[in-house]
Number of protein chains: 2
Amino acid sequence: MIELSRTDSGNASRSATRAANLAERIYGQLKQDIFDFRLLPGDRFTETEVAERMGVSRTPVREALFRLQRESYVEVLYRNGWRVRPFNFEYFEDLYDVRTILECAAVRRLCDREKMPAQLEDLKRIWLVPESARLEDMNTLSALDERFHEMLVEAAGNSEMALIHHDITEKIRIIRRLDFTKPPRVDATYVEHGMVLKAILERRPEPAQMMLKAHIEESRREVRKITLHMLHSARQDAQGRE
Amino acid sequence: MIELSRTDSGNASRSATRAANLAERIYGQLKQDIFDFRLLPGDRFTETEVAERMGVSRTPVREALFRLQRESYVEVLYRNGWRVRPFNFEYFEDLYDVRTILECAAVRRLCDREKMPAQLEDLKRIWLVPESARLEDMNTLSALDERFHEMLVEAAGNSEMALIHHDITEKIRIIRRLDFTKPPRVDATYVEHGMVLKAILERRPEPAQMMLKAHIEESRREVRKITLHMLHSARQDAQGRE
DNA sequence: GAGCACCTTCTTGTACACAAGTTTGTGTGC
DNA sequence: GCACACAAACTTGTGTACAAGAAGGTGCTC
């Protein structure tokens with residue numbers, strides 16, 4: 001497995017299940033439930049419900065829910081339960097825009113540096129490989145694609161920017177999951193990432209930004225095709241898996 | 001009083017004291033305590049302490065503290081109390097950078113629109129006035145300056161970008177407060193804001209961005225001068241006021 | 001049958017009690 | 001005087017009880 005762990009600088013917004021803290025565990029599980037469509041946008045639920053399902057009291061559940069609320073995954077209805085925030089396509093469009101802005105700015109900063117940071121070496125090793133060495137597993141590739149963009153921003157050296165970008169990436173992830181039925185643009189992704197990297201290494205900010213923009217625009221186009229019907233199918237699938 | 005309330009789109013991260021929710025009230029009060037240096041960076045305190053001072057139980061206090069933690073104003077020390085996050089100048093430098101990036105992007109988008117949004121009219125009424133009509137009260141001006149930048153971003157029409165920018169503005173506010181001893185650059189601010197506005201209205205993105213960048217750079221320069229000594233004085237002042 | 005008042009039930013909001021673990025002070029042995 | 005063990009005092013983490021209020025069903029009136 002290729003290891004590309006995020007430099008854990010930020011306030012523990014890591015997923016997974018950490019033993020120490022019940023609230024943190026619940027937080028991670030709930031978020032995963034949302035990503036995996038076991039909890040679908042618009043679904044309503046109560047604190048007690050979650051507490052019983054997870055086998056803990058309401059206290060840590062509430063703590064987890066408040067965090068998810070702040071990150072706008074769920075919302076509380078005053079004394080009337082909670083709801084997974086319904087899909088709002090404008091919201092995702094906006095997030096894509098901000099993401100593009102941040103990544104382009106990061107690329108520009110990278111081109112301005114005299115010495116390229118070490119992270120770029122890692123990216124080269126992954127994306128600038130001969131066609132025969134390209135990976136094919138979709139899940140791995142999807143994760144690597146996400147990391148490519150995150151690492152570009154991290155490499156620029158502004159950790160607040162990286163944190164914000166990371167949050168955005170996570171928020172977008174849920175809608176990218178819906179796109180999994182399509183044949184992935186594996187070759188295109190390799191080519192495009194490779195070109196962006198090369199342009200950065202050659203310190204040509206304009207083309208690098210252009211290509212990056214086009215590349216993000218492509219995945220945004222896919223997202224635009226996502227309809228409420230796909231959401232419905234996802235619900236069916238998720239229930240089938242249970 | 002000039003009214004320029006933020007379009008309340010986001011998740012209630014408003015300050016002030018709202019009656020409905022104890023936790024929200026505590027949240028606002030704690031944040032204000034931090035901004036007013038009644039709680040100084042590095043100060044340690046406990047949940048019980050805050051609960052008693054505010055006359056409520058620990059539950060809403062904890063909820064408020066977790067929110068402030070997520071927004072990186074405070075941090076919890078495992079079973080060992082809480083602490084106001086110590087000053088980290090790199091942190092503020094990074095925030096200034098992201099702020100510049102977002103505002104420049106907003107300006108570019110504004111110049112691309114065929115019809116200018118209504119918010120710009122409000123800004124014109126405030127900043128494009130004859131010298132005789134300029135305000136002088138520092139507190140008002142400081143608030144208006146903050147709103148100028150926020151409204152630029154809001155006018156660009158991307159509400160996620162506006163939310164992120166708003167959070168950043170709030171985080172920077174605490175350090176700008178330290179700068180209050182200096183004579184404010186009242187005239188310069190009027191001139192610079194005016195020039196940025198005019199450039200936008202004339203749809204000249206490059207000069208608009210340049211001037212905005214220089215303007216932000218100026219306030220960043222002030223912030224750079226802030227030393228730990230000023231923090232110390234602020235503590236003295238705050239204690240004197242109590 | 002339609003509309004309205006009421007009441008039950010369920011929800012989150014808040015307070016409080018206890019558990020788990022850290023820090024700090026105290027006393028003892030040397 | 002110093003080092004170490006121990007205990008007491010706190011601190012946050014978690015569970016639980018109760019309060020305030022919303023929603024929806026039920027029965028009454030017309």
Side-chain angles (χ1 to χ4, degrees), chain A residues 11-31 33-34 39-40 42-86, chain B residues 11-31 33-34 39-40 42-86:
Chain A
N11 35 25
S13 62
R14 232 53 53 230
S15 56
T17 54
R18 200 183 298 183
N21 207 324
L22 267 188
E24 186 122 359
R25 209 190 73 203
I26 310 290
Y27 167 81
Q29 270 180 256
L30 278 174
K31 196 145 119 184
D33 282 349
I34 294 174
L39 279 174
L40 215 66
D43 277 0
R44 294 182 58 170
F45 60 93
T46 71
E47 296 173 0
T48 319
E49 223 172 284
V50 176
E52 279 175 12
R53 181 153 59 87
M54 308 265 193
V56 296
S57 85
R58 276 178 55 217
T59 310
V61 170
R62 280 170 63 81
E63 193 184 319
L65 284 174
F66 288 132
R67 273 180 72 181
L68 290 168
Q69 179 185 36
R70 162 77 196 166
E71 295 164 20
S72 67
Y73 289 105
V74 301
E75 53 194 11
V76 60
L77 291 71
Y78 185 62
R79 287 190 208 279
N80 193 20
W82 291 75
R83 176 169 62 183
V84 183
R85 234 179 88 159
Chain B
N11 35 25
S13 62
R14 230 53 52 232
S15 57
T17 55
R18 199 182 299 182
N21 208 322
L22 268 188
E24 187 124 356
R25 209 189 73 203
I26 310 290
Y27 167 81
Q29 271 181 257
L30 279 174
K31 196 145 117 182
D33 283 349
I34 293 174
L39 279 174
L40 215 66
D43 277 0
R44 295 182 56 170
F45 59 93
T46 70
E47 296 173 1
T48 319
E49 223 172 284
V50 177
E52 278 174 14
R53 180 153 59 88
M54 309 265 192
V56 297
S57 85
R58 276 178 55 219
T59 310
V61 170
R62 279 171 64 80
E63 193 183 319
L65 284 174
F66 287 132
R67 272 179 72 180
L68 290 169
Q69 180 184 36
R70 162 76 195 166
E71 294 164 21
S72 67
Y73 289 104
V74 300
E75 54 194 9
V76 60
L77 291 71
Y78 183 65
R79 286 187 208 278
N80 193 21
W82 291 75
R83 177 169 62 182
V84 183
R85 234 180 87 160

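Below, chain A is the first sequence line, B the second, and so on; all start at residue 1.
Here CZ of A/F45 is found 6.5 Å from CG of A/L30. Values are rounded to the nearest 0.5 Å. B/D33 CG to B/Y73 OH: the interatomic distance, rounded to the nearest 0.5 Å, is 13.5 Å.
Under the salt bridge (charged side-chain N to carboxylate O under 4.0 Å, His left out) rule, A/R58 has a single partner from A/E52, A/E63, A/E49, A/E47, which is A/E47.
Taking atom CD of residue A/E63 and atom C1' of nucleotide D/dG13, one finds them 8 Å apart after rounding to whole Å. The CZ-P distance, from A/R62 to D/dG13, rounds to 16 Å in whole Å.
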Within the sub-3.5 Å range, which N or O atoms of nucleotides 20-23 of chain D have a protein N or O partner, and how far apart are they?
{"unit_1": "D/dA20", "atom_1": "N3", "unit_2": "A/R79", "atom_2": "NH1", "d": "3.0"}
{"unit_1": "D/dG21", "atom_1": "O4'", "unit_2": "A/R79", "atom_2": "NE", "d": "3.1"}

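Annotation: side chain of A/K31 is not in contact with side chain of A/R67 (no heavy-atom distance under 4.5 Å). Looking at heavy atoms from C-beta onward, B/V84 lies out of side-chain contact with B/L40 at the 4.5 angstrom threshold. Counting heavy atoms from C-beta outward, A/R44 and A/L77 have side chains that approach closer than 4.5 Å.
For residues 43-58 of chain B, proximity to DNA chain C is found at B/V56, B/S57, B/R58, defined as any non-hydrogen atom under 4.0 angstrom from a strand atom.
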Checklist entry - How far apart are the C-alpha atoms of A/T59 and B/R62, what are their side-chain angles, what is the distance that settles it, and do they pass the side chain to side chain contact (heavy atoms under 4.5 Å, CB included) test? => result CA-CA 11 Å; A/T59 310; B/R62 279 171 64 80; 5.5 Å; no
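Between A/N21 and D/dT14, a side-chain N or O to OP1/OP2 separation shorter than 4.0 Å is present. Residue B/W82 places no side-chain N or O under 4.0 Å from the OP1 or OP2 atom of D/dT11.
Ring-centre distance between A/W82 and A/F66: below the 6.0 Å cut-off.
Nearer the 5' end of DNA chain D, as judged by each residue's closest nucleotide, is the contact made by B/G81, out of B/G81 and A/T59.
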